[in-house]
Structures are given as C-alpha cells and as structure tokens.
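Being a predicted model, the structure only gives us computed values, none of them experimental. Position 1 is the first residue of the sequence; numbering continues from there.
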Amino acid sequence: MRRPLSVTFHGEEGIDAGGVAREWYSELAKEIFNANYCLFDNATHDNVTFQPNPYSHINSHHLDYFKFVGRIIGKAICDGQLLDAHFTRSFYKHILGVPINYHDLEATEPEFYKSLVAILEHPLDLLGLELTFTAELNEFGRVEVVDLVEGGSNIPVTDENKLDYVRLVAHHRMTSAIIKQIDAFLEGFHELVPPELVSIFDAQELELLISGLPDIDLDDLRAHTEYHGYKVTDPVISYFWSVLRGFSQEEKALFLQFVTGTSKVPLDGFQALRGSRGVQFFSIHKSFGTHLLPCAHTCFNQLDLPEYASEEELREKLLLAIREGAVGFGIA
C-alpha cells in the first residue's frame with residue numbers, strides 16, 4: 001500500500017502526473033467529513049475541526065469506514081499529499097499515543113470545560129452540587145447514565161476526590177465514548193505509518209504534517225480584528241502587525257494555531273472565524289505585565305497582549321509563546 005498511486009477518474013482521460021492524485025485526495029477528504037456518513041462531529045461548530053462521532057454506530061459499517069479513513073490519512077502522509085482534514089487536539093494526541101488531559105476540552109467544549117474548572121476551584125457545597133462518578137450519554141434523546149468507575153453511581157464526588165472525577169469525565173468524553181472509533185482508525189493508520197515514526201511529533205506538528213501550511217492573508221485578518229484596551233494607532237499594535245508580516249509561513253501557521261486552536265483558515269476568510277459564541281472575530285486585548293508572554297484563549301480567538309516597549313521585544317516574546325506555549329490553554 002506504500003507504493004505510489006496512479007489515479008484515473010472514471011470517464012475522464014487525464015494522465016496522472018501528480019495533479020489527478022491530488023484531486024483524488026481532495027475529494028476523499030470532503031467525503032470523510034460528509035455528515036451523511038455520521039463518522040465525524042464538527043467539534044467546534046465551524047466546519048473546520050472534527051473528532052469521531054460517538055454515535056457513528058448508526059452507520060452499521062462505521063468501524064470499517066474509520067479503518068479506511070486511517071489508511072487514507074496514513075497513505076497521504078506516505079505520498080506527501082496534504083489533506084483538508086483538521087482534527088481536535090485530543091484526536092491528534094490519540095494518533096500520537098500521547099495522554100490527554102481535561103484542558104484539551106477547552107477548545108471544543110469551552111462551557112463544559114469552565115464548569116469542570118469551577119468544580120476544581122470551589123468547594124462543592126458552595127456550588128450546590130451533588131455528583132457521583134457517573135456521566136450522562138444523550139443518544140438521540142435517550143439519556144443513559146454510565147459509571148466512570150466500577151460502582152460509580154454509588155461513589156459520591158467530594159472535595160478530596162473531585163480531581164479524579166474531572167479527569168475521568170474528560171477521559172470519557174474524549175476517549176472512552178469513542179474508543180472503538182479511535183482503535184479502528186489507528187488500525188488502518190498504523191498499517192502505513194508505524195507509531196514510532198509519528199512519535200517524534202507533537203499534536204501541532206502532526207496537524208501541519210497532515211494538512212500543510214495554510215495561506216494566511218494578513219490583510220484579511222487585520223480587517224477583521226477587534227481591539228480591547230488598545231486603539232489601532234497605538235505603537236504596540238503597529239509593532240504587532242509588523243512582526244506578523246515578518247513571520248515565515250510556518251510561524252504564521254503557528255500563530256494561527258496559538259490563537260484559534262487550528263492552522264485552518266475559514267473558507268470564507270477571517271470574517272467567518274468562529275468561536276464559542278458563533279462568528280467571533282480575532283481580538284487583541286490589552287494585558288498588564290510586560291515581563292509576561294502573550295496569552296491566547298482559543299475558544300474566543302483572543303490574544304492577550306502586554307504593551308511591550310519595542311517591536312523586537314514583542315517579536316521575541318510572541319515567538320516564544322507560539323513555539324513553546326501552543327500546547328495547553330488559558331482559562332478565559
């Protein structure tokens with residue numbers, strides 16, 4: 001399966017010198033996320049970022065499809081073909097065999113993530129919560145209660161064990177509920193790409209390996225940027241746009257991943273950028289403490305930017321943030 005492909009479309013006479021194969025992969029990528037197959041959920045409601053659908057079993061052959069999708073992603077990597085396929089950070093971690101944590105929920109379920117953080121930060125009696133080690137599954141209107149541990153429905157959540165509860169709930173939503181789909185995908189993927197070959201990457205690098213570097217129109221981004229605490233004429237804002245224009249294509253992609261959670265540009269441009277509240281433009285918020293690095297809140301497409309004294313200082317700290325701080329999330 002690792003040998004080069006030569007593609008001919010039925011009823012067409014095109015000779016495959018590379019372009020036909022690229023088109024074939026492009027068409028397959030569209031079908032992978034076709035809602036009619038019920039294989040993947042639009043995790044962030046932006047038609048950009050996807051993860052396996054926990055209810056894909058409504059398609060009786062869903063595991064065969066997931067194995068096939070794994071093969072296609074693996075084959076594309078072997079062939080050096082890029083796919084318009086962007087997954088959640090937690091799914092990339094599953095491909096890499098890297099442990100997930102509850103912070104990975106912030107990008108896809110920001111409100112639920114905030115509720116978990118509230119549980120960790122406040123006494124349960126003040127929140128008025130009486131929880132057990134269970135989770136609810138809402139399958140086509142039918143609610144099913146699932147034990148997170150054996151006998152979980154009889155184990156109360158306390159301030160002493162609530163961190164275990166949060167970890168288990170997050171694991172259930174990002175792993176246990178879709179484990180069959182993940183395993184089927186990985187079975188197909190590993191037929192072409194052994195685990196040790198991708199283990200050198202992190203989730204961010206794997207996304208770029210599969211999907212490539214995006215074409216980022218900075219004029220479009222700037223035209224659809226909102227400012228909070230700053231004016232467009234402030235020196236630090238001029239520094240910021242000057243620094244971005246000086247970035248390489250890879251650095252621009254890392255920046256976009258840092259502030260939005262993905263390097264994917266919306267099909268309709270940055271006017272269609274979506275956050276947890278629907279369409280949500282990129283925004284720059286003034287933050288305090290020039291000794292601090294810029295901070296991103298991906299569920300709001302928000303960059304918290306201190307008022308650095310020079311363009312060089314801004315460049316240095318922004319590059320450090322996007323290279324070293326792109327994994328993990330801040331609490332918005």
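Inspection of the Tyr37 and His62 side chains reveals no N or O donor paired with an N or O acceptor under 3.5 Å. The closest side-chain donor-acceptor pair between Ser283 and His228, if any, does not fall under 3.5 angstrom.
Rounding to the nearest 0.5 Å gives a distance of 10.0 Å between OG1 of Thr88 and CD of Glu207. Note: Asn101 CG to Met174 CE = 6.5 Å, rounded to the nearest 0.5 Å. Of the inter-residue distances, the one linking Leu163 atom CG with Ile119 atom CD1 reads 11.5 Å to the nearest 0.5 angstrom.
The aromatic ring centroids of Tyr227 and Phe281 lie 6.0 Å or more from each other.
For the pair Thr260 (side chain) and Leu256 (backbone), a donor-acceptor distance under 3.5 Å is present. Remark: side-chain polar atoms of Asp234 are not paired, donor with acceptor, to backbone N or O of Val236 under 3.5 angstrom.
Atom NZ of Lys162 has more than 12 neighbouring heavy atoms from other residues, nucleotides or ligands inside a 6.0 Å radius. Atom CD of Glu130 has 12 or fewer heavy atoms from other residues, nucleotides or ligands within 6.0 Å.
Among the candidates Phe40, Phe185, Phe91, the single residue satisfying the ring-ring contact (aromatic ring centres under 6.0 Å, His included) test with Phe66 is Phe40.
Contact annotation: the side chain of Gln280 never approaches that of Gln302 to less than 4.5 Å [non-hydrogen atoms, C-beta and beyond].
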